[in-house]
Undergrad: 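Can you read through this structure? Questions will come right after.
Values below: all heavy atoms of this structure, side chains included; hydrogens, waters and symmetry mates excluded. Because the structure is a prediction, the values reported are computed rather than measured.
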Number of protein chains: 2
Amino acid sequence: MKSYGEFCALARALDVIGDRWTMLIVRELLIGPSRYSDLTRALPGIATNLLAQRLRTLEETGVVASSEEPAPVSARVYFLTEWGLGLQRSLVELARWGAPLMAAGAGDDHNRGRWLVFAIMALYPEAAALPTQARFPTLTARIDADGDSLLLVSGSTGVRASVTNSDESAEVTIAGTSEQVFALLSGGCADTPARITGSADALRRLSELTSTALTAGHDPADLPA
Amino acid sequence: MKSYGEFCALARALDVIGDRWTMLIVRELLIGPSRYSDLTRALPGIATNLLAQRLRTLEETGVVASSEEPAPVSARVYFLTEWGLGLQRSLVELARWGAPLMAAGAGDDHNRGRWLVFAIMALYPEAAALPTQARFPTLTARIDADGDSLLLVSGSTGVRASVTNSDESAEVTIAGTSEQVFALLSGGCADTPARITGSADALRRLSELTSTALTAGHDPADLPA
DNA sequence: CTGCATCCGCTTCGATACTG
DNA sequence: CAGTATCGAAGCGGATGCAG
């Protein structure tokens with residue numbers, strides 16, 4: 001893309017990551033290091049030449065780096081540099097703004113369970129942003145949605161989620177489409193069609209957690225102390 | 001722009017504001033309500049038809065609204081809706097990531113003093129993010145840069161800046177190019193070419209303030225007191 | 001003068017095919 | 001698997017025109 005040519009922090013940031021697809025590539029690399037083919041699968045509709053060009057530009061600007069493993073299988077892995085990792089706050093904040101747009105449902109859009117990692121970061125504020133008394137309940141949850149498996153860990157320091165490839169279980173297991181899981185996590189839906197299993201106590205803590213989601217109620221209800 | 005067609009909060013946000021120029025239009029409206037011609041002047045290089053189309057789209061999606069004043073002079077004013085105002089955190093966070101790119105200087109880029117409003121929001125964290133002991137010094141400063149006049153107000157709750165058209169003075173007056181003012185505000189430059197006037201005590205508080213800038217350099221040089 | 005719409009050359013995007 | 005090559009379609013940038 002052509003530079004905006006403005007001496008402005010936002011414009012300069014957009015000169016680097018403002019191109020179409022670029023922020024979504026960064027999103028994928030924030031979820032985890034990826035190979036080229038992983039990215040093509042995670043970004044339905046991207047043209048292969050565009051992905052190649054974006055990755056080249058991102059490497060030139062120092063946002064992304066890659067490691068070539070000429071080992072048994074050729075495996076070039078792309079990952080964010082330290083500077084690129086600094087984009088997490090920005091992109092999560094954007095996702096937080098866009099999260100209400102998810103309430104309309106998935107429609108004909110593509111679904112990936114891994115994108116819930118981002119949705120979870122957007123739905124639950126950092127613990128530092130909470131009132132002193134408020135705390136997230138301690139809970140581990142396994143989420144199986146649209147082919148991806150996620151591990152959600154909630155504790156006093158906040159809520160974290162990551163993709164996992166292990167099939168170990170957690171206190172709660174949630175299975176469904178990512179649309180169903182999102183509706184559940186965003187705090188509505190007592191009658192969710194997602195399939196949830198776990199002990200009564202764990203389910204209670206899950207309910208406690210989802211009630212703190214940022215897009216949950218318009219009224220700033222207090223968290224249970 | 002074509003929708004990404006992804007059931008993802010970030011992708012849906014970018015469906016609304018991901019187009020070229022769109023975030024910069026929102027930036028201008030975050031700085032303050034603007035007329036069409038204000039926007040063309042504040043966005044050097046934008047094609048007039050593009051601006052018109054972006055504004056139309058932003059109105060359709062509910063980010064921007066406009067009021068027609070069929071008064072003496074025709075004056076349609078564009079401003080952000082409540083939802084659009086919610087973009088401030090996201091864009092400031094992006095600007096915060098991009099701020100280090102300003103250290104290289106302005107080069108041939110266009111300059112506008114008003115963009116410093118955004119730079120200031122990026123450079124100084126919200127007071128809530130500060131350690132309990134740390135506090136911004138109380139200070140008012142007037143900034144004259146590249147044809148725009150800004151009023152900076154620092155207090156225990158944080159640092160705020162806005163464009164002003166009055167010519168009243170403040171405790172400190174800073175004049176120079178936006179490049180010079182940015183260098184000063186980002187905490188480096190003991191020997192800034194910007195012209196600073198004010199009482200010795202006010203200058204000391206200015207120095208105290210700039211030393212808290214997020215990109216505050218490797219060497220926290222003090223300002224001349 | 002402000003607030004656009006129209007037209008045109010050029011770049012970029014999207015889709016598919018092809019190669020090391 | 002990890003890209004490059006190609007080509008029609010869409011979008012952008014710049015100039016101009018024009019109505020209120």
Side-chain angles (χ1 to χ4, degrees), chain A residues 1-6 11 14-25 28-29 32-61 64-79 108-110, chain B residues 1-6 11 14-25 28-29 32-61 64-79 108-110:
Chain A
M1 182 191 285
K2 210 177 124 186
S3 163
Y4 286 110
E6 294 186 2
L14 293 177
D15 282 343
V16 176
I17 55 159
D19 269 316
R20 183 159 167 82
W21 290 111
T22 301
M23 289 197 206
L24 296 188
I25 293 172
E28 288 305 314
L29 298 181
S34 306
R35 291 178 305 170
Y36 192 91
S37 56
D38 295 331
L39 292 172
T40 59
R41 250 173 281 116
L43 299 167
I46 194 173
T48 170
N49 56 349
L50 263 189
L51 176 57
Q53 185 214 312
R54 295 292 188 260
L55 287 171
R56 209 178 309 129
T57 306
L58 285 170
E59 288 207 73
E60 285 166 7
T61 54
V64 165
S66 64
S67 70
E68 177 126 29
E69 301 285 336
V73 289
S74 100
R76 159 160 288 199
V77 174
Y78 293 91
F79 55 92
D108 291 337
D109 285 359
H110 297 98
Chain B
M1 182 192 285
K2 210 176 121 188
S3 163
Y4 285 111
E6 296 186 0
L14 292 176
D15 282 343
V16 176
I17 55 159
D19 268 317
R20 182 159 169 83
W21 290 111
T22 301
M23 290 198 206
L24 296 187
I25 293 172
E28 287 305 314
L29 298 181
S34 306
R35 290 179 306 168
Y36 191 92
S37 55
D38 295 331
L39 293 171
T40 59
R41 250 173 281 116
L43 300 166
I46 193 173
T48 170
N49 56 348
L50 264 188
L51 176 57
Q53 183 213 312
R54 295 292 187 262
L55 286 171
R56 210 179 308 130
T57 306
L58 285 171
E59 286 207 71
E60 287 167 6
T61 54
V64 165
S66 64
S67 71
E68 178 126 27
E69 302 285 336
V73 291
S74 97
R76 161 160 288 200
V77 174
Y78 294 90
F79 54 92
D108 291 337
D109 285 359
H110 296 99

Undergrad: What integer distance in Å separates A:Arg56:CZ from D:dT4:C1'?
TA: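 Those two atoms, CZ and C1', are 9 Å apart.
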
Undergrad: Given D:dG14, D:dC12, C:dA15, which nucleotide is nearest the side-chain atoms of B:Asp19?
TA: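 Looking only at side-chain atoms, B:Asp19 lies closest to D:dC12.
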
Undergrad: Roughly, in whole Å, what's the span from CG in B:Leu39 to C1' in C:dT2?
TA: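 Atom CG in B:Leu39 sits about 13 Å away from atom C1' in C:dT2.
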
Undergrad: Drop me the distance from B:Thr48's OG1 to B:Tyr36's OH, to the nearest 0.5 angstrom.
TA: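 Rounded to the nearest 0.5 Å, the OG1-OH separation comes out at 3.0 Å.
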
Undergrad: Between B:Leu14 (CG) and C:dC13 (P), how many Å, whole number?
TA: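 Whole-Å distance recorded here is 15 Å.
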
Undergrad: Give a yes or no on whether the backbone of A:Glu59 and the side-chain of A:Thr61 come within a donor-acceptor separation of less than 3.5 Å.
TA: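 No, A:Thr61 side chain to A:Glu59 backbone: no donor-acceptor pair under 3.5 Å.
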
Undergrad: Taking CD1 from B:Ile25 and P from D:dC12, how many angstroms apart are they, rounded to a whole number?
TA: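 In whole Å, D:dC12 P lies 11 Å from B:Ile25 CD1.
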
Undergrad: What nucleotide among D:dG14, C:dA15, D:dC12 has an atom nearest to a side-chain atom of B:Arg20?
TA: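 Shortest atom-to-atom distance from the side chain points to D:dC12.
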
Undergrad: So which one's nearest nucleotide on DNA chain D is more toward 5', A:Lys2 or A:Arg41?
TA: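 Result: A:Arg41.
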
Undergrad: In this structure, how many angstroms lie between the P atom of D:dG3 and the CD atom of A:Glu59, rounded?
TA: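 It works out to 9 Å between those atoms.
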
Undergrad: Could you tell me if the side chain of B:Asp19 sits less than 4.5 Å from the side chain of B:Arg54, heavy atoms only?
TA: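 In short, these two side chains touch, coming nearer than 4.5 Å.
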
Undergrad: Between C:dC4, D:dC1, C:dG14, which nucleotide has the shortest distance from any of its atoms to the side chain of B:Arg76?
TA: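 For the B:Arg76 side chain, the nearest candidate turns out to be C:dC4.
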
Undergrad: Within this structure, what is the CG-to-C1' distance between A:Asn49 and D:dA9, rounded to whole angstrom?
TA: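 So the two atoms are 14 Å apart, to the nearest Å.
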
Undergrad: Taking only side-chain nitrogens and oxygens of B:Tyr78, does any of them come within less than 4.0 Å of OP1 or OP2 of C:dT2?
TA: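 Indeed not, no polar side-chain atom of B:Tyr78 lies that close.
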
Undergrad: Among C:dC4, D:dG13, C:dG14, find the nucleotide with the atom closest to the side chain of A:Ala47.
TA: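 Shortest atom-to-atom distance from the side chain points to C:dG14.
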
Undergrad: Any base atoms under 4.0 Å from B:Thr48, or only sugar-phosphate, or nothing? Heavy atoms, all strands.
TA: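 The answer is base, as B:Thr48 lies within the cut-off (heavy atoms under 4.0 Å) of a base atom.
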
Undergrad: Have a look at B:Ala52 and say if it touches a base, only the backbone sugar-phosphate, or nothing, with a 4.0 Å heavy-atom cut-off.
TA: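 The answer is sugar-phosphate, as B:Ala52 gets under 4.0 Å only of primed atoms, P, OP1 or OP2.
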
Undergrad: What is the distance from CZ of A:Arg35 to C1' of D:dG3, rounded to the nearest Å?
TA: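 So the CZ-C1' distance, A:Arg35 to D:dG3, works out to 14 Å.
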
Undergrad: So A:Leu50 and A:Trp21, do their side chains get closer than 4.5 Å, heavy atoms only?
TA: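 In contact.
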
Undergrad: To the nearest angstrom, how far is A:Leu51 atom CG from C:dT16 atom P?
TA: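 Rounded to the whole Å, the gap is 17 Å.
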
Undergrad: Would B:Tyr78 and B:Ser67 count as having a side-chain donor-acceptor pair, cut-off 3.5 Å?
TA: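 No, no side-chain donor-acceptor pair sits under 3.5 Å.
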
Undergrad: Can you figure out which of D:dG14, C:dT2, C:dG14 approaches the side chain of B:Ser37 most closely?
TA: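 For the B:Ser37 side chain, the nearest candidate turns out to be C:dT2.
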
